[in-house]
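Being a predicted model, the structure only gives us computed values, none of them experimental.
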Amino acid sequence: MSWYIWTSLAALLFCVVLLGKYFVRLLKKGPPKDLSQKSGNIAQAVCYSCIGAMSPMQKESAYLHLPTYSAGIIFHIGNFLAILVYVIIALSAIFSFRIPIESVTNLVIIILAAITFVASVCGLSLFIKRIVKKELRELSCTDDYISNLLCTVMLFVTTYSLWMFQFGAVYYITMALLFVWMPIGKIKHVLYFFFARYHLGFFYGWRGTWPPKKATV
Amino acid sequence: MTNITKEQRNKALAIISQTSDSKLETHLNACVRCGLCADSCMYYLTMKEAKFIPARKVDLVSSIYRRYKTWQGAMFPKLFHARELDDKTCEEMVDSLFGACTMCGRCVKHCSIGVDIPFLVKKGREMLAAMDMVPKTLQATVDAAINTGNNMGIPTDEFVDTIQWMEEELQDEMEDPNAGLFLDKTDKNVFYTVNPREPKFFPLSISAMGKIFYAAGEDWTLSSKYYDVTNYGYFNGNNTEATQIARNLYDEIHKLNCKRLILGECGHGSRAMRWEGPNYLKTKYDFDTLTVVELIGEYIRNGRIKLDKNLNDKVVTIHDPCNLVRNGGLLNEIRFVVNAAAANVVEMTPHGTDNFCCGGGGGALAMSEYNERRLKIDKIKADQITATEAQVVVTPCHNCVDQLTQINHTYKLGIIIKTVAELVADALIIENAELKIKN
């Protein structure tokens with residue numbers, strides 16, 4: 001196996017260990033310890049927090065900003081798919097099995113490449129928005145640009161590699177950089193996002209705000 | 001602003017080190033600075049400046065966390081925007097976290113991640129409180145509550161006089177010498193609390209609630225010393241003071257041996273006593289705690305009071321107090337009561353959990369140094385009210401009433417502002433009240 005594949009695997013290990021450490025730490029700290037009298041259903045509220053409350057109809061951040069919201073969703077889907085592609089490609093390299101390029105597989109690869117390409121364009125548009133929009137620029141720090149750029153470049157490289165079906169040094173080094181940055185920079189929200197949704201569900205569920213009831217006059 | 005000492009800094013940093021659960025670490029690390037929360041904030045919508053974006057307020061607290069509590073922030077502060085806790089940062093924190101956030105939580109619901117922004121703003125306030133940097137006006141309100149038992153510093157004699165005066169009015173209105181506003185009675189079912197603005201500025205609110213208690217045949221009392229439902233200690237970030245204020249009511253209900261603590265019409269007070277109080281005091285309550293809206297709802301459902309909604313025939317709209325609706329789950333209960341008491345109710349857009357704050361929350365009403373900013377952001381609420389074409393705005397929160405009164409004056413809305421108790425009292429049918437008391 002080439003040095004760059006080893007490098008990407010080492011980076012992946014670093015990422016998994018660090019994110020795993022955060023994950024275990026969060027689990028150890030546990031849920032809020034609230035002594036007030038509960039007024040709602042936490043489980044239902046957490047479910048709502050992770051599903052219903054994420055609906056674009058429920059969020060101003062989505063329905064007032066549909067292009068950004070859509071770009072964000074596609075960008076995230078693309079990133080998850082690209083990481084899945086890496087896992088498959090890396091496994092094939094480790095265990096020396098060949099992915100057959102036949103008509104069906106080829107179609108899947110074309111679809112994957114199309115998605116990662118669209119996702120990379122979305123990532124680039126979000127990157128440009130962050131640079132161009134004054135208020136967003138004032139809000140941003142270097143980490144924001146690096147995180148976005150790394151993901152976007154990774155998506156472009158994945159698209160190219162899928163299209164050519166050649167996964168070389170550039171591909172693996174790009175993946176390695178992403179894996180190193182993931183638990184350090186803001187991409188670690190890949191973990192904290194789910195805990196944030198849990199806490200939000202817990203908070204609103206405890207007080208009976210979520211799941212929402214229709215306001216009737 | 002004076003230079004902060006090492007001791008002050010350490011006290012402040014201890015606030016973001018105390019993690020009894022995973023909530024603080026989660027929210028400090030979750031924000032991606034997408035900036036999409038901006039349109040949910042009244043301050044940003046009015047001022048259109050980046051410093052008013054909720055994510056910026058989050059960043060003020062999380063950047064300090066990154067600087068002092070993460071290795072990457074400590075090693076590469078510029079890369080991760082990890083800030084020193086210095087005078088400049090503190091100055092910005094005071095202005096943004098006290099002067100530009102009502103902690104209404106509207107941004108939370110709409111945050112693409114789900115960051116509890118007011119929770120972090122509160123942590124920031126706690127850090128400032130630990131460094132003695134609470135705005136003086138807000139601190140004076142808390143000091144009054146600590147030193148006198150109520151946030152307006154009303155002497156007990158004055159309060160007792162007001163209650164007696166209102167009691168006489170109630171007896172005249174009911175034509176019943178047994179109608180009463182009871183003080184310091186023991187072994188009652190209900191221990192009632194009020195916002196000190198009521199005895200000071202709105203005594204008719206107390207008499208309205210007295211009328212409802214009378215009609216329901218309730219067995220109730222007020223304390224002449226500890227009747228204040230508010231807790232500005234929740235806003236100034238000093239948890240020791242917040243605990244002391246919560247303890248006043250906790251001890252008083254035990255002293256008077258009452259069964260139910262009824263939280264008067266005050267959004268943050270209800271939140272501070274009902275949801276935060278047991279955690280401040282580190283004990284579960286051994287008495288029922290509910291808001292007056294829920295109690296009135298209970299009276300209506302149980303047939304203890306009868307209402308004729310046609311007695312309130314003006315167009316009524318509801319202002320949802322953030323701490324009772326979005327952060328308190330009373331969306332439908334308020335509507336049930338208001339709908340039972342008024343014939344013509346219309347909703348604001350948006351309303352319920354999406355409603356905009358009155359602008360007076362988060363202690364803003366007490367901080368006169370930010371008056372201009374506070375009244376400026378209220379254009380949103382004024383426009384919301386105007387669009388409903390309502391003649392009456394009803395809200396179960398005296399801080400909201402006070403703020404809406406200022407909006408009414410500033411934007412010349414020509415509306416009537418009422419509490420829920422006032423609206424219900426105006427719709428009461430009380431023929432059988434005497435009979436109920438006998439029963």
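B:Glu294 contributes a side-chain N or O that, together with a main-chain N or O of B:Thr291, makes up a donor-acceptor pair within less than 3.5 Å.
Between A:Trp181 and B:Phe80, the distance from one ring center to the other falls under 6.0 angstrom. Separation of the A:Phe179 and A:Tyr86 ring centroids falls under the 6.0 Å cut-off.
Interface residue B:Ile53: only side-chain heavy atoms are found under 4.5 Å from chain A. When heavy atoms are compared at a cutoff of 4.5 Å, A:Pro183 approaches chain B solely by way of its backbone atoms N, CA, C and O. Only the side chain of A:Leu200 comes within contact range of chain B, with at least one heavy atom under 4.5 Å from a heavy atom of that chain. Heavy atoms of A:Tyr198 lying under 4.5 Å from chain B are absent altogether. Interface residue B:Val108: backbone and side-chain heavy atoms are both found under 4.5 Å from chain A. Heavy-atom distances place the backbone of B:Thr283, and not its side chain, under 4.5 Å from chain A. For a residue to count as touching a neighbouring chain, one of its non-hydrogen atoms must lie under 4.5 Å from one of that chain's; by this rule A:Thr68 touches chain B with the side chain only. Neither the backbone nor the side chain of A:Tyr145 comes within less than 4.5 Å of any heavy atom of chain B. Interface remark: A:Leu139 contributes backbone and side-chain atoms alike to the contact with chain B (heavy atom separation under 4.5 Å). With a 4.5 Å cut-off on non-hydrogen atoms, A:Tyr204 touches chain B through its side chain but not through its backbone. In this structure, no portion of B:Cys107 lies under 4.5 Å from any heavy atom of chain A. The parts of A:Leu26 that come within reach of chain B are both its backbone and its side chain, each placing non-hydrogen atoms under 4.5 angstrom from that chain. Of the atoms belonging to A:Ile146, it is side-chain heavy atoms, and not backbone ones, that fall under 4.5 Å from chain B. Contact of A:Pro32 with chain B is made through backbone and side chain together, with heavy-atom distances under 4.5 Å. Only the side chain of A:Lys188 comes within contact range of chain B, with heavy atoms under 4.5 Å apart. Looking at A:Lys28, there are no atoms closer than 4.5 Å to chain B (heavy atoms on both sides), in backbone or side chain. Looking at A:Arg130, only its side chain comes within 4.5 Å of chain B, counting heavy atoms on both sides. Within the 4.5 angstrom heavy-atom criterion, only side-chain atoms of B:Thr353, from C-beta onward, approach chain A. Looking at B:Tyr44, only its side chain comes within 4.5 Å of chain A, counting heavy atoms on both sides.
A salt bridge is absent between B:Arg56 and B:Glu49; no separation between the charged side-chain nitrogens and carboxylate oxygens falls under 4.0 Å. We find that B:Glu25 and B:Lys123 are not joined by a salt bridge, their nearest charged nitrogen and carboxylate oxygen being 4.0 Å or further apart. Electrostatic pairing of B:Arg335 and B:Glu347 counts as a salt bridge here, judged by a charged N lying under 4.0 Å from a carboxylate O.
Aromatic ring pairs are classed by plane angle as parallel below 30°, tilted from 30° to 60° and perpendicular above 60°; the pair A:Tyr192 and A:Tyr22 is tilted. Taking the six-membered ring where tryptophan is involved, the planes of A:Trp206 and A:Phe202 are essentially parallel, since the angle between them stays under 30° and well short of 60°.
Both tests do not hold together for B:Arg247 against B:Tyr280: distance to the six-membered ring centre under 6.0 Å, angle to the ring axis within 45°.
Side-chain atoms of A:Ser147 and A:Asp143 include a donor-acceptor pair closer than 3.5 Å.
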